[in-house]
Amino acid sequence: MINIYSQLMSAANKSLFGLTLGPQNESDGPFIMGNGDFFIEIPVAFGCSFSDLTLTGAMGTGLPNAAELIDKGTEVGVESRLCNAIKVATYYLEAGLLKTPDMIITTNSCCDAMDTLGNLLNGYKPWAHIPRFNMHAPHSYDDASYEYMGKQLRQAVKFMEDVTGRKMDMDRLREVCIESNKQCQLLLEFQELKKAKPCPAEPDLAREGAEFKNWSKDRISPQVTEWLEILVKETEKQVKEKKGIEGVDEKIRFLWQDLAGSWASGTVLARLQKELGAVCVMDYVSFGTWTPVDLSSEEAMFTSFGKRFLLEDPMNRQALHTTDLFCNDILQIVKDFSCDAVILPAHIAHRDTNSRIKVVRDMCHEKGIPCLVLGIDIWDKRYMTPDVAFDRMKTFFEISGLL
Amino acid sequence: MDLIKNSEVFRKLSGIAGTINNSGIENLKKEGGKVAGYTCSFVPEELLIAAGFMPFRIRGTGSKSADLANDYFQAANICSMVRHCFNHILTGEYDFLDAAIIGGGCDANRHILDNWEKSDAKIPFLHRIFFPHATGDLMVEYFRNQLADMKAGIEKHFGIEVTDEKIWNAIKLCNEARDLQKELYSLRKADNPPITGAETVDVIVAGNSMPKEEYIADLKTLLNELKNTKVEDKNYKARLMIIGPCHDDTSMCDIIEGLGGITVTDLTCFGAKIIYGRVKDSGADPLQAIAEYQVQDRPFCPKNLGAHPIISKTVFENIKDYKVDGIIGQNMLCCDTWGGELYILNKELKEAGIPMLRIEREYIPDSLGQIQTRVQAFLETITGGTQ
Amino acid sequence: MSAFDIYIKSINDVLEELKNSGRRINVFNVPSSCSELPRTIPVNIGGNANPGIILRQDTYVELGNPEAGSSAIMISTNETGLINDGRITLIGPDIPESADKSLPFGQVILIGGASLDDKEHETLQQPGFVGDKIEGYMIRSLPQNIWSRISKDGAAKGFNFECLGKALIYLYKSENPKIESMEIIFITSAKDDVKLLDNISEQVRKISKEITKENWKIKGYDIDCELDCSSCGDKSVCDDIRDVLKSRKKKGLVK
Ligand code: SF4
Ligand code: SF4
C-alpha cells in the first residue's frame with residue numbers, strides 16, 4: 001500500500017517547487033516580487049502572483065546543485081557571513097535569472113539578511129523603473145502594532161490598485177480569507193494531534209502543510225484545504241488507534257527551535273527518528289499559531305492580517321520580537337508537546353538566535369530541560385555535515401540520560 | 001598640522017574619545033548629574049538632554065576581549081562591535097550610567113537590551129526604542145510614538161517632567177553642536193585640511209561623550225585655532241571618504257593617513273550621519289520635529305528599506321564637495337545590512353568611475369597589517385602608482 | 001491596595017454592562033475548599049485525568065475558537081477581600097445546551113492570597129496550567145488565547161461550567177496553598193461580549209510581563225519605588241506597575 005502520507009508529501013512538494021524563479025504563465029496575473037513574506041491572502045484575492053525571493057533562494061539550497069549556487073552567491077560579494085539562502089537569492093537576482101516583476105513590495109521581515117535582500121531588490125538597477133512599496137514590521141506585538149501593520153497592508157493594496165489600475169474586490173478577499181481560515185483551523189488541528197504520544201504522523205507534514213498553504217503555486221486553493229482535510233482525518237485515525245509513525249519506536253520527543261532548512265529533515269532528523277526513536281515534534285514553521293482572520297469588518301480584517309503577519313508568521317514570531325517571547329514559546333511547546341529536550345540549531349546567520357544563546361540555555365537549565373546549541377548552517381550542509389550533527393545530537397541525548 | 005597636536009582643547013577631546021569614563025563625567029556625577037547611555041545614532045540626544053541627562057553613546061573603546069559577552073552572543077556570528085560594547089557593560093565600564101536607551105538598529109544590537117536585562121549588570125533604567133524600517137508618514141507617526149513612550153518612561157521613572165520647552169531648547173543646543181561640527185567638516189574641503197580624518201574622529205566621538213555645552217565651547221575654541229592655522233602643502237596621495245556603520249576609532253584613518261592619503265569626509269554612524277542637517281527648532285510639537293528629522297531627512301540606517309537613495313545622494317554630494325578620489329567602504333563582519341548597502345553603492349560608484357575599496361573587519365582590529373596592505377594597493381590604484 | 005485591583009473593578013464593570021443589556025446570567029456559589037470540591041465534580045480531576053486528545057468527532061462543544069472569539073484573564077491580588085470566594089458566574093449559554101456548537105469563550109480567573117509572591121504569579125499565568133488535569137476537557141495549544149474542547153463523554157457525565165469552574169478552583173488551590181480565595185467568570189454569550197475583556201487582558205498582560213521581567217532580574221535587585229519601576233516604557237500601565245511593585249515591596253513580597 002502506498003502510504004497516504006508520502007502521497008501528500010509529494011503533492012505539496014511538487015506545488016511548492018512549481019514556483020521556483022517566479023510565475024510560469026501570463027495567466028497568473030500581475031507579478032509582485034518581495035524580499036520575504038507578504039500577507040499572501042492579499043495577492044491571491046487580487047488575482048496576482050507573488051514571489052518571495054528569500055524562499056526562492058532557500059529552495060535553491062535544496063536543489064542538487066546547491067553547493068554551486070551557494071558558492072556563486074558568495075562570489076557576488078555582499079557580505080561574507082550573509083545567510084546562504086539570501087546569497088543564492090542574490091545570485092539569482094544579479095545573474096538576471098529572475099522574471100521581471102510588475103511591482104516590488106518589501107518588508108523588513110524576520111532578519112537582517114532578509115532586509116538586506118529587500119535593499120538589494122530596491123537597489124537593483126535593471127528594475128529601477130518598477131514601482132515599489134516598502135513596509136515596516138515593528139518589533140512589537142500589541143494592538144497598536146497590529147493596527148499599524150494592518151494600515152500598511154491596506155496601503156499596499158492601494159499601491160497595487162494604483163499600479164495595475166484594478167480594484168481589490170473586498171468580497172473576493174473575504175472569500176479567500178474564509179478558505180484560508182478553514183486551512184488555519186486544519187493546520188491547528190494537526191498541530192493538536194501531534195501532542196499524542198507516540199506522535200501519530202511525520203511531524204514534518206505540519207511544515208509541509210503550512211508551506212503548501214502559503215508558499216506554493218496552489219496557495220489557499222481548495223486543493224490545499226482538501227490536502228489538509230485528508231491529513232487531519234488520517235491522523236485522527238492514527239490517534240484513535242494509538243499508532244505512531246510507521247517504523248518508528250518513539251523514545252525521545254524534541255523541539256528543533258529553528259527552521260528545518262533545506263537538508264536537515266531528510267538527513268539528520270530522519271536518521272534520529274529511525275535509528276534512535278528521537279522525533280522532532282516541533283519546529284519554527286510548524287508552530288505557526290495560524291489564528292483565523294477576523295472577518296467581522298474590513299478594519300478588523302486588516303488588523304488581524306497585521307497580527308498574523310507580526311506574531312504568527314513562522315519565523316517572524318520567533319525572530320522579530322523579544323527573547324522573552326522566544327523563551328515562553330519554548331516552555332509552552334515543551335509542555336504541550338511533551339518534549340524531552342530542546343535543540344537550538346542556531347543557524348549561523350540568525351543574528352537574533354545567536355544573540356540569545358545564554359538566556360535560552362540558562363532558562364532551560366533552570367527548568368531542567370536538556371538543551372543543545374548546535375550551530376549549523378541550515379542551508380549549507382558543508383558547514384556542519386549531517387553526520388556530525390547526528391553524532392552531536394546522539395551524544396547529547398545520551399549524556400542527558402534520554403537514550 | 002602639528003599645531004593641532006599641541007592644542008590643549010584637542011588633547012582634551014582626543015582623551016575623551018580614547019576612553020569610556022572620563023573626568024568630566026566623574027565631576028558631573030559628583031555634582032548629582034545623570035548620564036544616559038545609548039546605542040544607535042537615531043536615539044535622540046535631544047530628548048535625553050531635555051530630561052536632564054548627559055547622553056553618552058555606548059562604544060567598546062579600549063576593549064581587549066569580548067569573552068564575557070561571547071557567552072551571550074555567539075562570537076562567530078555576531079558583530080564584534082556589539083560584543084565588545086556588551087563586554088564593557090558586563091565588566092562594569094558602564095556602571096556610571098543611570099539609564100540606557102537601546103536602539104534596535106539591527107538584530108544583534110537590539111538584543112543588547114534583552115541580554116542586559118537578564119545579566120548581572122545592573123542599570124536603574126533600561127528602555128528600547130525602535131527605528132522604522134521603512135519611510136513614510138505612518139512611520140514618522142510610529143517613531144513619534146516611540147519618542148513619546150521613551151519620554152513617558154523617563155518621566156515616570158525619574159519623577160520629572162520633560163516639557164516641550166526643554167525639548168526645544170535641547171534641539172537648539174544639539175543643532176548648535178551639529179552646526180559647529182559641520183563647520184569643522186567643511187574645513188576639510190580645503191586641499192590641505194587643517195585637521196586629519198583621524199583627528200576628526202576623535203573630535204566627533206568626544207561630542208557624544210561629554211556635556212553638550214562644554215563640548216560646544218571646546219569646539220568653538222578648536223575651530224578658532226584651526227582657522228588660524230597655517231597649513232603647509234601636504235600633497236596627499238588621495239582624498240578618501242569612509243562609509244559604513246560604527247567608526248569610532250582612528251585605526252582606519254591612521255592607516256590611510258600613514259600611507260600618505262587623507263580622509264576628508266565620511267558617512268558613518270559615529271560621523272557625518274549624526275551631524276547631518278538640523279532638526280526643526282520651532283513649531284507645535286518637538287517630538288514630531290525630531291521624528292521627521294530622523295525618519296525623513298537624515299541618511300538613515302540601511303536596515304531601513306528605503307535607505308539607499310538618500311545614502312547614495314549624500315555620498316555623491318560629498319564626493320563633489322570634498323573632492324573625494326576614492327571610497328573606503330568598511331563594515332563589521334556579520335553586519336548584513338551595511339554589507340548590502342556597500343554592495344549597492346560599490347556598483348553605483350564603479351559606474352560613476354569612483355574607486356571603492358571594501359573592507360570587512362572586526363571592531364577591535366586584529367589584522368591591521370592585512371588591511372594596511374589592501375589600503376596601500378588601493379591608494380596606488382587611485383594614483384596610478386605614480387606617487 | 002494593589003494595582004491589579006483596578007482591573008478587578010473593570011471586570012465588575014463589564015459584568016454590570018452585560019447584566020444591564022439583558023444577558024442571561026447564572027451564578028453558582030460553590031464550596032471552595034479542596035477537601036469538599038472533588039466530591040461535587042462529576043468528572044475525574046488531577047494528574048492525567050484527561051490523558052488523551054479530544055478529536056473533532058469526539059467533541060461535544062468547542063470553546064474559544066479564534067473565529068468565535070476568545071479572551072482569558074488571570075488576576076492575582078493580595079487583597080483577598082476583593083474576591084468572592086467560590087463564586088462562579090456564567091454569562092451566556094451553558095455546555096449541556098450547546099451540543100456541536102462552537103461558543104465564544106471568555107474566562108476570568110480571580111485569585112486572592114495575602115502571601116502570593118511574584119514567582120507564583122508567573123506560574124499561575126501559564127494558560128496551560130490545568131493542562132490535562134480535567135477529564136473530558138482539553139486546552140488547545142495556542143499562545144495568548146484560550147481555546148478548549150469538551151468531550152462527548154465528559155458532557156454525558158454532566159460537565160458544565162459550574163463543573164469547569166469547580167475543577168479550576170480545585171486545581172489552582174491544590175497546586176498553590178497560598179491561594180485563599182478564587183472567583184471565576186465565564187462569558188459565552190457573544191463574540192462582542194468576550195471582546196469587552198480584550199482591553200483589560202492586554203493591560204493585565206503588560207503588567208504580568210513586567211513582573212516576569214522582574215523575576216528574571218530580581219535576584220538581589222533592590223526595587224526602590226521612588227527611583228525604579230524597572231524598564232517599563234508603556235505609559236498607560238506604567239503607574240499601575242509602579243503601584244504593584246510598591247505594594248508588593250511594602251508587603252515584603254519582593255526584596
Ligand atoms: S537568516 Fe534565517 S530568516 Fe533570514 S533569510 Fe536566512 S534563514 Fe531566512
Ligand atoms: S556594525 Fe552592523 S551589525 Fe554591528 S551593530 Fe552596527 S549595524 Fe549592527
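Order of the sequence lines sets the chain letters (A, B, ...), proteins ahead of strands, with each chain counted from 1.
- Most heavy-atom pairs under 4.5 Å with chain A: of the set B:C334, B:A134, B:S312, this distinction falls to B:C334.
- Heavy-atom pairs under 4.5 Å with chain A peak, among B:E348, B:M139, B:E141, at B:M139.
- Comparing B:F73, B:Y72, B:F130 by heavy-atom pairs within less than 4.5 Å of chain A, the highest count is held by B:Y72.
- Residue B:L138 comes nearest to A:Y148 through the heavy atom pair O-CE1, 3.6 Å, listed as atom of the first residue, atom of the second, then distance.
- Considering CG of A:N108 and CG of B:N304, their distance stands at 8.5 Å, rounded to 0.5 Å.
- With chain A as partner, the option from B:R358, B:E351, B:H308, B:E341 having the largest number of non-hydrogen pairs under 4.5 angstrom is B:R358.
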Should A:T322 and B:R128 be marked as a side-chain contact (heavy atoms from CB on, under 4.5 Å) after you check the CA-CA gap, both sets of side-chain angles, and the distance that decides it?
CA-CA 11 Å; A:T322 58; B:R128 74 174 93 226; 3.6 Å; yes
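- For the atom pair A:E79 CD and B:N331 CG, the distance stands at 6.0 Å (nearest 0.5 Å).
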Begin with the C-alpha distance, continue with both residues' side-chain angles, and end with the deciding distance and a verdict on side-chain contact (heavy atoms from CB on, under 4.5 Å) for A:N134 and B:T135.
CA-CA 8 Å; A:N134 303 323; B:T135 306; over 6 Å; no
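- For the atom pair CG (B:D71) and CD1 (A:I357), the distance works out to 10.5 Å, reported to the nearest 0.5 Å.
- Results of the side-chain contact (heavy atoms from CB on, under 4.5 Å) test with A:R351 over B:V82, B:N109, B:I78 single out B:I78 as the only residue that passes.
- Here OG1 of A:T106 is found 12.0 Å from NE2 of B:H133. Values are rounded to the nearest 0.5 Å.
- In terms of heavy-atom pairs under 4.5 angstrom with chain B, the leader among A:K358, A:Q152, A:R361, A:R132 is A:K358.
- Neither the backbone nor the side chain of B:C79 has a heavy atom closer than 4.5 Å to any heavy atom of chain A.
- Contact count versus chain B (heavy atoms, under 4.5 Å) is highest, among A:M135, A:K125, A:K151, A:R81, for A:R81.
- With chain B as partner, the option from A:T353, A:L320, A:V373 having the largest number of non-hydrogen pairs under 4.5 angstrom is A:L320.
- At most 12 heavy atoms of other shown residues, nucleotides or ligands fall within 6.0 angstrom of atom CD in A:E299.
- Every residue two or more places apart in sequence or in another chain was checked for a salt bridge (Lys or Arg N to Asp or Glu O under 4.0 Å) with B:E360, and none qualifies.
- The distance from the CG atom of B:D336 to the CG atom of A:D112 is 5.5 Å, given to the nearest 0.5 Å.
- The structure places CD of B:Q74 at 9.0 Å from CG of A:L344, a figure rounded to the nearest 0.5 Å.
- Ranked by heavy-atom pairs under 4.5 Å with chain B, the first of A:N35, A:L121, A:L82 is A:L82.
- The two atoms that bring A:S355 and B:A108 nearest to each other are OG-CA, 3.8 Å, heavy atoms only.
- Between B:K118 and the options A:D324, A:D362, A:T323, a side-chain hydrogen bond (donor to acceptor under 3.5 Å, both in side chains) holds for only A:D324.
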Run the side-chain contact (heavy atoms from CB on, under 4.5 Å) check on A:H350 and B:D107 step by step: do they pass?
CA-CA 9 Å; A:H350 281 163; B:D107 284 345; over 6 Å; no
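- Ranked by non-hydrogen atom pairs under 4.5 Å with chain B, the options A:N122, A:V76, A:N119 are led by A:N119.
- When the shell of 6.0 Å around NZ of A:K381 is examined, it contains 12 or fewer heavy atoms from other residues, nucleotides or ligands.
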